[in-house]
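These notes are about the structure you will find just below.
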Amino acid sequence: MSKTERTFIAVKPDGVQRGLVGEIIRRFENKGYKLVGLKLLKPTVEQAQQHYSDLSSKKFFGGLCEYFSSGPIVGMVWEGLGVVKGGRVLLGATNPADSLPGTIRGDLCIDVGRNVCHGSDAVESAEKEIAFWFPEGVVSYNNHSEGQIYE
Ligand code: IDP
Ligand code: MG
């Protein structure tokens, strides 16, 4: 594991509409992860289909892509030791009914089809998603807290 591992996290349209952008960013900031990419964008249906292409055989695929492209999302890239797995821990389980209190989905939503956030599920998918949503690359800078976050 490396301190420069990266993951793609998105606040989905329901999270943006519900005013949860700051809350979701706060949890990643408070944990100590480093923000290296951030943008507000409205995905096209084609972008949603590409992003979720692994799920194209699921019966909820059409509704999922319609929902994901229905309004702006906030796309982010976060960096840190074990951030792919750790980011999924902050998000909670896919179905909010199975998400523990203290997680984003456990605290902030109810329905699996409106679960407010996305997070990459593996290092390889994170690399693919970051390249897809941030083709221009991310931002490189020194985090002044790094010596307090890591031994
Ligand atoms: P993940 O977002 O936790 O990685 P995935 O299995 O990759 O979960 O599914 C992607 C998204 O598809 C979920 O976040 C959720 O919004 C939606 N989804 C997953 N399963 C269902 C379902 O059974 N019904 C409706 N939507 C679903
Ligand atoms: Mg997934």
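In listed order, ligands and their atoms are each counted from 1. In this text, all values refer to a predicted model and were calculated from it rather than measured experimentally.
Inter-residue side-chain proximity for W78 and F8 is flagged as unmet; no heavy-atom pair is nearer than 4.5 Å. Counting only heavy atoms from C-beta outward, the side chains of I149 and N143 approach each other to under 4.5 Å. Side-chain contact between I73 and V11 is absent, with no heavy-atom pair separated by less than 4.5 Å.
One side chain, S120 or E129, offers a donor N or O that lies under 3.5 Å from an acceptor on the other.
Taking the six-membered ring for Trp and the full ring otherwise, the centers of H51 and F132 sit at least 6.0 Å from each other. Between F61 and Y52, the gap from one ring centroid to the other reaches at least 6.0 Å.
Closer than 4.0 angstrom to ligand 1 sit non-hydrogen atoms from K12, Y52, L55, F60, L64, R88, T94, R105, V112, G113, N115.
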